[in-house]
Amino acid sequence: MSLDTDTARRLREGMARGVLSFPLTSFHEDGSLDPDGFRAHVADRLAAAPGAVFPACGTGEFHALDEDEYRRVVEIAVEEAAGRVPVVAGVGYGWAQAVRFARQAEDAGADALLVLPHYLVAAPQDGLVAQLEQLAARTRLPLVVYQRGLVDYSLDAFRRLVRIPSVIGLKDGHSDLDRLQRLTLAAPEGFLFFNGAATAEVQARAYAAVGVSAYSSAVHAFAPEIANAFFAALRDGDDGTVDKLLRAFYVPFVELRDRAPGYAVSLVKAAARLRGRPVGPVRAPLTDPSAADLADLRTLLAAGLDLVGAAL
(Lines give C-alpha, C1' and ligand atoms only; values in the text may rest on other atoms or scores of the structure.)
Protein backbone atom coordinates (compact mmCIF):
# COMPACT_ATOMS: atom_id res chain seq x y z
CA MET A 1 0.00 0.00 0.00
CA SER A 2 1.36 3.42 -0.95
CA LEU A 3 1.57 6.43 1.35
CA ASP A 4 -0.25 8.25 -1.46
CA THR A 5 -3.47 6.25 -1.09
CA ASP A 6 -6.73 8.15 -0.77
CA THR A 7 -6.97 7.38 2.96
CA ALA A 8 -3.44 8.58 3.68
CA ARG A 9 -4.03 11.71 1.64
CA ARG A 10 -7.32 12.47 3.41
CA LEU A 11 -5.73 11.94 6.80
CA ARG A 12 -2.82 14.20 5.89
CA GLU A 13 -5.19 16.92 4.77
CA GLY A 14 -7.39 16.50 7.85
CA MET A 15 -4.44 16.63 10.24
CA ALA A 16 -3.46 19.99 8.75
CA ARG A 17 -7.01 21.32 9.00
CA GLY A 18 -8.12 20.39 12.52
CA VAL A 19 -7.59 18.31 15.61
CA LEU A 20 -8.09 14.55 15.56
CA SER A 21 -11.28 13.74 17.45
CA PHE A 22 -11.60 10.69 19.70
CA PRO A 23 -15.30 10.39 20.58
CA LEU A 24 -16.53 8.89 23.82
CA THR A 25 -18.63 5.73 23.74
CA SER A 26 -22.09 6.34 25.20
CA PHE A 27 -23.52 3.96 27.81
CA HIS A 28 -26.86 3.89 29.59
CA GLU A 29 -26.88 4.15 33.38
CA ASP A 30 -27.11 0.35 33.59
CA GLY A 31 -23.87 0.07 31.60
CA SER A 32 -25.39 -1.08 28.31
CA LEU A 33 -24.41 0.54 25.03
CA ASP A 34 -26.42 3.63 24.08
CA PRO A 35 -26.30 3.79 20.25
CA ASP A 36 -28.54 6.86 20.03
CA GLY A 37 -26.46 8.76 22.55
CA PHE A 38 -23.29 7.85 20.70
CA ARG A 39 -24.77 8.95 17.39
CA ALA A 40 -25.67 12.34 18.85
CA HIS A 41 -22.21 12.69 20.37
CA VAL A 42 -20.44 11.87 17.10
CA ALA A 43 -22.70 14.26 15.20
CA ASP A 44 -21.71 17.02 17.64
CA ARG A 45 -18.01 16.21 17.17
CA LEU A 46 -18.34 16.32 13.39
CA ALA A 47 -20.11 19.66 13.58
CA ALA A 48 -16.99 21.01 15.32
CA ALA A 49 -14.84 20.31 12.22
CA PRO A 50 -12.24 17.71 13.27
CA GLY A 51 -9.59 16.48 10.87
CA ALA A 52 -10.64 12.84 11.40
CA VAL A 53 -12.70 10.73 13.81
CA PHE A 54 -11.24 7.83 15.80
CA PRO A 55 -14.06 5.74 17.37
CA ALA A 56 -13.51 2.89 19.80
CA CYS A 57 -10.02 3.95 20.82
CA GLY A 58 -8.65 4.70 24.29
CA THR A 59 -10.97 7.65 24.97
CA GLY A 60 -13.82 5.56 23.57
CA GLU A 61 -13.16 2.71 26.04
CA PHE A 62 -12.16 0.14 23.44
CA HIS A 63 -11.04 -2.15 26.28
CA ALA A 64 -14.62 -2.32 27.57
CA LEU A 65 -16.42 -3.19 24.32
CA ASP A 66 -17.40 -6.61 23.03
CA GLU A 67 -17.23 -7.29 19.30
CA ASP A 68 -20.89 -6.57 18.59
CA GLU A 69 -20.78 -3.29 20.48
CA TYR A 70 -17.54 -2.38 18.76
CA ARG A 71 -19.00 -2.98 15.31
CA ARG A 72 -22.06 -0.88 16.12
CA VAL A 73 -19.92 2.00 17.38
CA VAL A 74 -17.79 1.99 14.23
CA GLU A 75 -20.86 1.69 11.99
CA ILE A 76 -22.45 4.73 13.60
CA ALA A 77 -19.25 6.77 13.25
CA VAL A 78 -19.02 5.82 9.56
CA GLU A 79 -22.68 6.65 8.97
CA GLU A 80 -22.39 10.05 10.64
CA ALA A 81 -19.10 10.93 8.95
CA ALA A 82 -20.63 10.04 5.57
CA GLY A 83 -17.26 10.38 3.88
CA ARG A 84 -16.64 13.94 5.10
CA VAL A 85 -13.63 12.95 7.22
CA PRO A 86 -11.72 9.67 7.60
CA VAL A 87 -12.90 7.22 10.26
CA VAL A 88 -10.05 5.37 11.97
CA ALA A 89 -11.17 2.59 14.32
CA GLY A 90 -9.13 1.28 17.24
CA VAL A 91 -7.98 -2.34 17.39
CA GLY A 92 -5.85 -3.99 20.02
CA TYR A 93 -4.81 -6.88 22.27
CA GLY A 94 -2.71 -9.60 20.62
CA TRP A 95 -2.73 -9.80 16.83
CA ALA A 96 -5.25 -12.67 16.72
CA GLN A 97 -7.82 -10.64 18.65
CA ALA A 98 -6.89 -7.45 16.81
CA VAL A 99 -7.71 -9.23 13.55
CA ARG A 100 -11.21 -10.06 14.82
CA PHE A 101 -11.85 -6.39 15.56
CA ALA A 102 -10.21 -5.36 12.28
CA ARG A 103 -12.69 -7.51 10.35
CA GLN A 104 -15.56 -5.88 12.20
CA ALA A 105 -14.15 -2.45 11.34
CA GLU A 106 -13.76 -3.42 7.68
CA ASP A 107 -17.36 -4.60 7.50
CA ALA A 108 -18.53 -1.41 9.22
CA GLY A 109 -16.81 0.75 6.61
CA ALA A 110 -13.86 2.20 8.52
CA ASP A 111 -11.13 3.86 6.46
CA ALA A 112 -8.16 2.77 8.60
CA LEU A 113 -7.16 1.23 11.93
CA LEU A 114 -5.31 2.64 14.93
CA VAL A 115 -3.32 -0.24 16.43
CA LEU A 116 -3.51 0.33 20.18
CA PRO A 117 -0.72 -0.83 22.51
CA HIS A 118 -1.13 -4.49 23.38
CA TYR A 119 -2.11 -5.67 26.83
CA LEU A 120 0.19 -6.77 29.67
CA VAL A 121 3.02 -8.55 27.84
CA ALA A 122 6.40 -6.86 27.60
CA ALA A 123 7.87 -7.82 24.24
CA PRO A 124 11.18 -7.46 22.39
CA GLN A 125 11.42 -5.27 19.31
CA ASP A 126 11.25 -8.27 16.96
CA GLY A 127 7.93 -9.21 18.52
CA LEU A 128 6.52 -5.70 18.20
CA VAL A 129 7.27 -5.72 14.49
CA ALA A 130 5.93 -9.26 14.07
CA GLN A 131 2.68 -8.22 15.76
CA LEU A 132 2.13 -5.61 13.06
CA GLU A 133 3.16 -7.97 10.27
CA GLN A 134 0.60 -10.54 11.41
CA LEU A 135 -2.18 -7.96 11.57
CA ALA A 136 -1.23 -6.30 8.28
CA ALA A 137 -1.33 -9.65 6.50
CA ARG A 138 -4.94 -10.16 7.60
CA THR A 139 -6.64 -6.84 6.93
CA ARG A 140 -7.02 -4.69 3.85
CA LEU A 141 -7.18 -1.50 5.91
CA PRO A 142 -4.18 0.81 6.36
CA LEU A 143 -2.65 0.92 9.84
CA VAL A 144 -1.59 3.74 12.12
CA VAL A 145 0.47 2.33 14.98
CA TYR A 146 0.37 3.76 18.50
CA GLN A 147 3.47 3.64 20.65
CA ARG A 148 2.68 4.11 24.32
CA GLY A 149 2.92 2.00 27.45
CA LEU A 150 4.58 -1.31 26.62
CA VAL A 151 5.04 -0.40 22.96
CA ASP A 152 8.11 1.75 22.26
CA TYR A 153 9.80 1.27 18.90
CA SER A 154 13.56 1.46 18.52
CA LEU A 155 14.93 3.21 15.47
CA ASP A 156 15.80 -0.17 13.91
CA ALA A 157 12.32 -1.57 14.58
CA PHE A 158 10.75 1.58 13.16
CA ARG A 159 12.76 1.22 9.95
CA ARG A 160 11.35 -2.30 9.64
CA LEU A 161 7.75 -1.40 10.41
CA VAL A 162 7.63 1.39 7.81
CA ARG A 163 8.48 -1.25 5.23
CA ILE A 164 5.20 -3.00 6.01
CA PRO A 165 3.15 -1.77 3.03
CA SER A 166 -0.05 -0.98 4.91
CA VAL A 167 1.55 0.97 7.79
CA ILE A 168 0.94 4.65 6.99
CA GLY A 169 1.53 6.45 10.27
CA LEU A 170 2.56 6.51 13.91
CA LYS A 171 0.90 8.05 16.93
CA ASP A 172 3.38 8.79 19.73
CA GLY A 173 2.45 8.82 23.41
CA HIS A 174 5.90 8.56 24.99
CA SER A 175 6.98 12.18 24.48
CA ASP A 176 10.62 11.19 24.07
CA LEU A 177 11.36 13.96 21.61
CA ASP A 178 14.95 12.91 21.00
CA ARG A 179 13.75 9.46 19.88
CA LEU A 180 10.82 10.91 17.99
CA GLN A 181 13.06 13.27 16.03
CA ARG A 182 15.16 10.30 14.94
CA LEU A 183 12.03 8.46 13.82
CA THR A 184 10.74 11.39 11.79
CA LEU A 185 14.08 11.72 10.02
CA ALA A 186 14.11 7.98 9.22
CA ALA A 187 10.54 7.90 7.89
CA PRO A 188 9.70 7.71 4.19
CA GLU A 189 8.25 10.83 2.59
CA GLY A 190 4.56 11.17 3.32
CA PHE A 191 4.57 9.00 6.46
CA LEU A 192 2.08 10.35 9.01
CA PHE A 193 3.01 11.30 12.56
CA PHE A 194 0.89 12.76 15.31
CA ASN A 195 1.16 13.66 18.94
CA GLY A 196 -0.81 11.24 21.09
CA ALA A 197 0.37 12.33 24.53
CA ALA A 198 -2.26 12.60 27.24
CA THR A 199 -3.78 16.10 26.91
CA ALA A 200 -1.63 16.58 23.83
CA GLU A 201 -2.07 20.34 23.71
CA VAL A 202 0.29 20.79 26.67
CA GLN A 203 3.12 19.35 24.59
CA ALA A 204 1.94 20.52 21.16
CA ARG A 205 4.62 23.17 20.68
CA ALA A 206 7.39 20.76 21.68
CA TYR A 207 6.12 18.12 19.25
CA ALA A 208 5.79 20.68 16.47
CA ALA A 209 9.45 21.60 16.97
CA VAL A 210 10.45 18.09 15.83
CA GLY A 211 8.08 18.16 12.88
CA VAL A 212 4.97 16.60 14.46
CA SER A 213 2.32 19.29 14.41
CA ALA A 214 -0.82 17.12 14.27
CA TYR A 215 -2.34 15.89 17.53
CA SER A 216 -5.28 14.10 19.08
CA SER A 217 -7.50 16.12 21.40
CA ALA A 218 -9.51 14.64 24.26
CA VAL A 219 -10.76 18.17 24.98
CA HIS A 220 -12.54 18.12 21.61
CA ALA A 221 -14.80 15.43 23.08
CA PHE A 222 -16.36 17.90 25.54
CA ALA A 223 -15.22 21.44 24.68
CA PRO A 224 -14.53 21.76 20.95
CA GLU A 225 -14.69 25.55 21.35
CA ILE A 226 -11.55 25.42 23.50
CA ALA A 227 -9.86 22.74 21.38
CA ASN A 228 -10.45 24.62 18.14
CA ALA A 229 -9.36 27.98 19.60
CA PHE A 230 -6.11 26.39 20.76
CA PHE A 231 -5.53 24.70 17.39
CA ALA A 232 -6.08 27.96 15.51
CA ALA A 233 -3.78 29.90 17.84
CA LEU A 234 -1.05 27.28 17.54
CA ARG A 235 -1.38 27.16 13.75
CA ASP A 236 -1.31 30.96 13.45
CA GLY A 237 1.63 31.47 15.81
CA ASP A 238 -0.53 33.33 18.33
CA ASP A 239 1.67 32.58 21.35
CA GLY A 240 -0.31 34.88 23.61
CA THR A 241 -3.52 32.89 23.16
CA VAL A 242 -1.68 29.58 23.37
CA ASP A 243 -0.08 30.61 26.66
CA LYS A 244 -3.37 31.95 28.03
CA LEU A 245 -5.21 28.70 27.28
CA LEU A 246 -2.38 26.57 28.63
CA ARG A 247 -2.09 28.57 31.82
CA ALA A 248 -5.77 28.99 32.59
CA PHE A 249 -7.22 25.73 31.30
CA TYR A 250 -4.97 22.99 29.96
CA VAL A 251 -2.37 22.81 32.74
CA PRO A 252 -5.00 22.91 35.52
CA PHE A 253 -6.94 20.25 33.62
CA VAL A 254 -3.84 18.00 33.56
CA GLU A 255 -3.36 18.55 37.29
CA LEU A 256 -6.98 17.54 37.88
CA ARG A 257 -6.62 14.57 35.52
CA ASP A 258 -3.62 13.33 37.48
CA ARG A 259 -5.52 13.06 40.77
CA ALA A 260 -6.73 9.51 40.07
CA PRO A 261 -5.97 6.62 37.71
CA GLY A 262 -8.32 6.50 34.75
CA TYR A 263 -9.25 10.17 34.85
CA ALA A 264 -7.80 10.57 31.34
CA VAL A 265 -11.10 9.00 30.24
CA SER A 266 -13.57 9.37 33.11
CA LEU A 267 -12.86 13.09 33.63
CA VAL A 268 -13.42 13.69 29.91
CA LYS A 269 -16.71 11.82 30.06
CA ALA A 270 -17.78 13.74 33.15
CA ALA A 271 -17.01 17.03 31.40
CA ALA A 272 -19.18 15.97 28.46
CA ARG A 273 -22.04 15.15 30.85
CA LEU A 274 -21.66 18.57 32.48
CA ARG A 275 -22.44 20.04 29.07
CA GLY A 276 -25.54 17.89 28.68
CA ARG A 277 -24.02 15.39 26.25
CA PRO A 278 -25.58 11.88 26.32
CA VAL A 279 -22.40 9.89 26.96
CA GLY A 280 -23.35 8.22 30.27
CA PRO A 281 -20.94 6.72 32.80
CA VAL A 282 -17.67 4.89 32.28
CA ARG A 283 -17.49 1.12 32.48
CA ALA A 284 -15.47 -0.72 35.12
CA PRO A 285 -12.60 -0.89 35.85
CA LEU A 286 -12.80 2.90 35.35
CA THR A 287 -14.82 4.92 37.86
CA ASP A 288 -16.51 8.28 37.58
CA PRO A 289 -14.89 11.28 39.33
CA SER A 290 -15.53 12.03 42.98
CA ALA A 291 -18.00 14.77 43.91
CA ALA A 292 -15.15 17.09 44.93
CA ASP A 293 -13.26 16.54 41.67
CA LEU A 294 -16.46 16.98 39.69
CA ALA A 295 -17.04 20.36 41.36
CA ASP A 296 -13.51 21.45 40.49
CA LEU A 297 -14.02 20.24 36.94
CA ARG A 298 -17.19 22.30 36.58
CA THR A 299 -15.40 25.44 37.76
CA LEU A 300 -12.44 24.87 35.45
CA LEU A 301 -14.60 24.05 32.44
CA ALA A 302 -16.72 27.15 32.91
CA ALA A 303 -13.59 29.29 33.14
CA GLY A 304 -12.06 27.69 30.03
CA LEU A 305 -15.18 28.18 27.98
CA ASP A 306 -15.41 31.79 29.12
CA LEU A 307 -11.89 32.37 27.74
CA VAL A 308 -13.10 31.52 24.24
CA GLY A 309 -16.48 33.23 24.48
CA ALA A 310 -18.55 30.12 25.14
CA ALA A 311 -20.73 29.00 28.05
CA LEU A 312 -21.15 25.83 30.04
Side-chain angles (χ1 to χ4, degrees), residues 7 10-11 14-15 18-28 32-93 97-117 135 139 141-146 148 168-169 171 173 194 196 200 214-222 224 227 264-266 268-269 272 277-283 286:
T7 296
R10 292 175 64 217
L11 276 170
M15 290 159 68
V19 301
L20 304 175
S21 182
F22 284 66
L24 301 154
T25 298
S26 299
F27 300 119
H28 294 293
S32 61
L33 184 68
D34 178 6
D36 293 337
F38 181 68
R39 186 179 296 278
H41 175 64
V42 171
D44 281 347
R45 298 316 96 206
L46 289 163
V53 173
F54 289 66
C57 294
T59 305
E61 296 179 80
F62 167 79
H63 68 275
L65 301 175
D66 67 28
E67 288 181 40
D68 291 339
E69 292 170 332
Y70 171 88
R71 176 172 177 149
R72 189 70 187 118
V73 163
V74 178
E75 282 177 341
I76 291 170
V78 170
E79 290 165 3
E80 291 300 313
R84 289 175 289 169
V85 297
V87 175
V88 184
V91 297
Y93 308 115
Q97 291 171 289
V99 167
R100 293 173 65 92
F101 285 99
R103 288 172 179 159
Q104 298 285 353
E106 287 182 17
D107 291 344
D111 296 293
L113 303 173
L114 178 66
V115 185
L116 302 169
L135 174 58
T139 178
L141 294 178
L143 308 178
V144 176
V145 298
Y146 188 8
R148 187 171 177 173
I168 63 170
K171 177 183 180 184
F194 61 94
Y215 59 89
S216 58
S217 175
V219 173
H220 195 270
F222 63 87
V265 176
S266 57
V268 171
K269 217 165 195 185
R277 304 301 186 259
V279 297
V282 292
R283 275 183 174 174
L286 300 179

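This structure is a prediction, so every number in the text was calculated from the model and none was measured.
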Q.
How close do Leu135 and Ala102 get, counting heavy atoms only, and between which atoms?
A. CD1-CB, 4.2 Å

Q. Looking only at heavy atoms, what is the nearest atom pair of Gly196 and Ser216, with distance?
A. CA-OG, 3.8 Å

Q) Listed by chain and number, what are the side-chain contact (heavy atoms from CB on, under 4.5 Å) partners of Ala218, not counting sequence neighbours? A) Val268

(Q) For Ser26, give me all partners under side-chain hydrogen bond (donor to acceptor under 3.5 Å, both in side chains), at least two apart in sequence or on another chain. (A) none

Q.
Could you work out, with side-chain hydrogen bond (donor to acceptor under 3.5 Å, both in side chains) as the rule, every residue matching Arg103, not counting sequence neighbours?
A. none

Q | Pro86 versus Arg10, closest heavy-atom pair with distance | A | N-NH2, 3.3 Å

Q) Side chain of Asp111, backbone of Val88: donor and acceptor closer than 3.5 Å? A) no

Q: Identify, with sequence neighbours excluded, every residue that meets side-chain contact (heavy atoms from CB on, under 4.5 Å) alongside Pro117.
A: Tyr146, Arg148, Val151

Q.
Testing the basics here: between Pro142 and Ile168, what is the closest heavy-atom pair and its distance to 0.1 Å?
A. CB-CD1, 3.8 Å

Q | Ala110 to Leu141 - nearest heavy-atom pair and separation | A | O-CD2, 3.4 Å

Q. How long is the span from the CG atom in Leu24 to the CZ atom in Phe222, to the nearest 0.5 Å?
A. 9.5 Å

Q. Among all residues two or more places apart in sequence or in another chain, which pass the salt bridge (charged side-chain N to carboxylate O under 4.0 Å, His left out) test with Arg100?
A. Glu67

Q: Kindly compute the distance separating CZ (Phe38) from CZ (Arg45), expressed to the nearest 0.5 Å.
A: 11.0 Å

**Q.** Set of residues satisfying salt bridge (charged side-chain N to carboxylate O under 4.0 Å, His left out) with respect to Asp107, sequence neighbours excluded
**A.** Arg71

Q | Residues forming a side-chain hydrogen bond (donor to acceptor under 3.5 Å, both in side chains) with Tyr70, sequence neighbours excluded | A | none

Would you mind writing out the side-chain donor-acceptor pairs for residues 46-63 within the sub-3.5 Å range, not counting sequence neighbours?
residue : atom : partner : partner atom : Å
Glu61   : OE1  : Arg283  : N            : 2.9
Glu61   : OE2  : Lys269  : NZ           : 2.6

**Q.** Non-neighbouring partners of Asp68 that pass side-chain contact (heavy atoms from CB on, under 4.5 Å), sequence neighbours left out
**A.** Asp66

Q. With side chains defined as the heavy atoms from C-beta onward, is the minimum distance between Leu114 and Phe22 less than 4.5 Å?
A. yes

(Q) To the nearest 0.5 Å, what is the distance between CG on Asp36 and CG on Asp34? (A) 6.0 Å

(Q) For a 4.5 angstrom cut-off between non-hydrogen side-chain atoms, does Val73 reach Leu33? (A) yes

Q. At what distance, to the nearest 0.5 angstrom, does CG of Leu11 lie from CZ of Phe194?
A. 8.0 Å

Q) In chain order, what residues pass the side-chain hydrogen bond (donor to acceptor under 3.5 Å, both in side chains) check against Thr139, with sequence neighbours excluded? A) Glu106

Q: Starting at CZ of Arg72, measure out to CD of Gln104 and round the result to the nearest 0.5 Å.
A: 12.5 Å

Q: Sequence neighbours left out, what passes salt bridge (charged side-chain N to carboxylate O under 4.0 Å, His left out) with Asp44? Give chain and number order.
A: Arg277

Q. Taking all atoms of both residues into account, what is the closest heavy-atom pair of Ala89 and Val74, and its distance?
A. CB-CG2, 3.8 Å

